[in-house]
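Index from 1, following the sequence. These numbers come from the heavy atoms of this one structure, side chains and all, not from hydrogens, waters or symmetry mates. Source: prediction; values computed, not measured.
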Amino acid sequence: MKKQLLLAASGLTLAGSLVACSGQSSEEEQSGAKSGGKTKIVYWTGDRHDSEFIKEQVDAYNRTNADDIEVELVIKGDDFDQALDMSFQTSEAPDVIRVKENTIQTFYKKGFLAPIDAYLTDELKAKFPLMENLNSFDGKRYSLPNYGTTMRLIYNKELFAKAGIAAPPTTLAELVEDAKKITAAGKANGEYGFAQNFKSPGSALGRSARVIAETSGYGGFGYDFKTARYDFAPFKPIIEAFKQMKDDGSMLPGVESLDIDPLRAQFAEGKIGMYLSFSAEAGVYQSQFPAKIEWAAAPAPSIDGSVNGASGFLGGQWLAISSESEHKDAAWKFMAYMYGDQILQQYQEKGFGIAMVPSVSAVAAKPEVYGIDGFLPTARDGVWPVYPAVPVQGAKSDDAFFKYILSGGDLDAIVADLNARYNKALDAAIASGDVKAEPDPDFDPARLAGQYADE
């Protein structure tokens, strides 16, 4: 399955392994890492959809590597970012860190990441796409891509049929109405129309409100690229629709404390009609939570049915080395193993993600995973520019919006407050030189679409 990448990258297939290209230094010997036997490194990830696969690869590496390296895999939950912050404060940071498109910039600014340029040959640089502000900052690379993810509406086909709904919703109004119909038809059996993992509002709205906004033509994090200012007003109808579903009783009871894995377990059991999430869900229901229902994925609804922007295709990075690691060479050797063609190819074929490495996507088979067809890139998907993340004082937008969904209030006042605080933080970050933000009057979110559509 070939993808059309607008980012400069070669389709070069390397004859040798990545491991053979790893850099060498005396760092490990100087640190005494091998004096007591094996060099132990710790790898932290917040991903759970691929946890069994990753554990298998780590176990295989620990059994077979010739460098006396032992990797400890630590799987965190939605508190990954906070736990990582704490680990650096207590000098207990991991050696290898899972980074994502919405975290790598922050981790870089906090000084958590070490550049990997010294380990990269010209062949590796050609093989892996260079994405400024996604895996490269200020001329240095900090990660390499593996896969990308699309965002979709995941729905229970059986509950749709039971409620007499012919097709998934394309507007917010239809989303609200369909959730109400599904709940009316199935509440007696504990079946509800909608859910999100609101235990973590940032995670929940980052996989739902975000894609609805982007498909409607608005920045998914509240940033307007045309004006170079934050403006959360476009989120009002989205948040109002979510509140309406909560007020209607159409949401699964207890969503305020629902984490993503318990949500998946409930969906697999047939208790949830719809939710929004990433393409990783296909692999989840193949292995982690085998679905007992017929389900499918569809494009996320827009605000009013008009598609004015690209549905975000997310990715461009995967693993990074901690700046605090005392065993950077060993960390790179493990990373090099994980970035080998065989593992990257299996990652797509098992349905965990869609390859963003041209030489891998050219040979990897389409995943033989139930439901994957609905997640494959279409002409509606595309990569949005990186927005300037800023350290805002007070409640973050996701927390403020979720509080409104639960308790109500003055949404106009909430939006005005968010705009004021986020733009104040933006101005301060610009003044200090931490970020650059310039208006782009010609920015057209609709032009972003189609970058990864199948040929």
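- For residues 315-324, no residue pair satisfies the side chain to side chain donor-acceptor pair (under 3.5 Å) rule, not counting sequence neighbours.
- Each ring pair (Phe, Tyr, Trp, His ring centres under 6.0 Å) pair with one or both residues in residues 73-106, not counting sequence neighbours, appears once here: Phe88-Phe112.
- Environment of CD in Gln82: crowded, with over 12 heavy atoms of neighbouring residues, nucleotides or ligands closer than 6.0 Å.
- When side chains are defined from C-beta on, Ile41 does not count as touching Glu70, because their heavy atoms never get closer than 4.5 Å.
- Checking Glu214, Arg152, Arg210 one by one against Ser311, the side chain to side chain contact (heavy atoms under 4.5 Å, CB included) holds for a single residue, Arg152.
- For NZ of Lys350, the number of neighbouring non-hydrogen atoms (other residues, nucleotides, ligands) closer than 6.0 Å is 12 at most.
- Using a cut-off of 4.0 Å between Lys/Arg side-chain N and Asp/Glu carboxylate O, Asp341 and Lys127 are scored as salt-bridged.
- No option in Lys271, Lys162, Lys181 other than Lys162 meets the salt bridge (Lys or Arg N to Asp or Glu O under 4.0 Å) test with Glu191.
- Atom NZ of Lys243 has more than 12 heavy atoms from other residues, nucleotides or ligands within 6.0 Å.
- Thr171 has its side chain out of reach of Pro301: every pair of non-hydrogen atoms, C-beta onward, lies at least 4.5 Å apart.
- Counting only heavy atoms from C-beta outward, the side chains of Val255 and Tyr192 never approach each other to under 4.5 Å.
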> Could you go step by step and tell me if Asp304 and Ser306 meet the side chain to side chain donor-acceptor pair (under 3.5 Å) rule?
Replying inline: CA-CA 6 Å; Asp304 62 3; Ser306 302; 3.2 Å; yes
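- Annotation: side chain of Leu113 is in contact with side chain of Ile104 (closest heavy-atom distance under 4.5 Å).
- If you check the side chains of Asn197 and Ser203, you find a donor sitting under 3.5 Å from an acceptor.
- A donor-acceptor distance shorter than 3.5 angstrom exists from the side chain of Tyr339 to the backbone of Leu144, with no hydrogens or angles considered.
- The main-chain N or O of Val71 is found under 3.5 Å from a side-chain atom of Asn62 such that the two form a donor-acceptor pair.
- Ion pairing between Arg98 and Asp47 holds under the 4.0 Å rule for side-chain N and carboxylate O.
- We find that Asp50 and Lys55 are not joined by a salt bridge, their nearest charged nitrogen and carboxylate oxygen being 4.0 Å or further apart.
- Counting non-hydrogen atoms of other residues, nucleotides and ligands closer than 6.0 Å to CD of Gln342 gives a total of 12 or fewer.
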>> Using side chain to side chain donor-acceptor pair (under 3.5 Å), reason through Gln244 and Asp248 one step at a time and then give a plain yes or no.
In response: CA-CA 6 Å; Gln244 188 63 57; Asp248 289 343; 2.8 Å; yes
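- Here the side chain of Glu101 pairs no donor or acceptor atom with the backbone of Gly315 at under 3.5 angstrom.
- Shown here are the ring pair (Phe, Tyr, Trp, His ring centres under 6.0 Å) partners of Tyr422, two or more places apart in sequence or in another chain: Tyr230, Phe232.
- For the side chain to side chain contact (heavy atoms under 4.5 Å, CB included) with Trp44, the lone residue among Leu84, Ile97, Ile75 that qualifies is Leu84.
- Classification of Lys40 and Asp95 as a salt-bridged pair fails, no side-chain N sitting under 4.0 Å from a carboxylate O.
- Under the side chain to side chain contact (heavy atoms under 4.5 Å, CB included) criterion, Lys292 pairs with Glu269, sequence neighbours left out.
- At least one side-chain heavy atom of Leu252 sits less than 4.5 Å from a side-chain heavy atom of Gln266.
- In summary, of the residues considered (Phe289, Phe194, Tyr285), a ring-ring contact (aromatic ring centres under 6.0 Å, His included) with Phe267 occurs for Tyr285 alone.
- Ile212 is not listed as a side-chain neighbour of Ser302, based on a closest heavy-atom distance of 4.5 Å or more.
- If you look at Trp384 and Phe443, their ring centroids are closer than 6.0 Å.
- The number of heavy atoms from other shown groups lying within 6.0 Å of CZ (Phe352) is above 12.
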> Would Phe402 and Phe242 count as a ring pair (Phe, Tyr, Trp, His ring centres under 6.0 Å) if you check the C-alpha gap in whole Å, the side-chain angles of each, and the deciding distance to 0.1 Å?
Replying inline: CA-CA 9 Å; Phe402 183 56; Phe242 282 19; 9.9 Å; no
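- Counting only residues at least two apart or in different chains, salt bridge (charged side-chain N to carboxylate O under 4.0 Å, His left out) contacts with residues 404-422 comprise Lys236-Asp412, Asp417-Arg421.
- The backbone N or O of Ala365 lies less than 3.5 Å from a partner atom in the side chain of Glu349, making a donor-acceptor pair.
- Contact annotation: the side chain of Leu153 approaches that of Leu175 to within less than 4.5 Å [non-hydrogen atoms, C-beta and beyond].
- Every side chain to side chain contact (heavy atoms under 4.5 Å, CB included) that Glu132 has, sequence neighbours left out, goes to Ser136.
- Of the possible polar contacts, none joining the Thr103 side chain to the Val99 backbone as a donor-acceptor pair under 3.5 Å is found.
- Put simply, the side chain of Arg229 does not reach to within 4.5 Å of the side chain of Asp224, judged on heavy atoms.
- Checking side-chain atoms of Asp59 against main-chain N and O of Glu56 turns up no donor-acceptor pair under 3.5 Å.
- Here Asp440 does not pair with Lys226 in a salt bridge; the nearest charged N to carboxylate O distance is not below 4.0 Å.
- Using a 4.0 Å cut-off between a side-chain N of Lys or Arg and a carboxylate O of Asp or Glu, Asp81 and Lys76 do not qualify as a salt bridge.
- No option in Arg207, Arg264, Gln196 other than Arg207 meets the side chain to side chain donor-acceptor pair (under 3.5 Å) test with Ser277.
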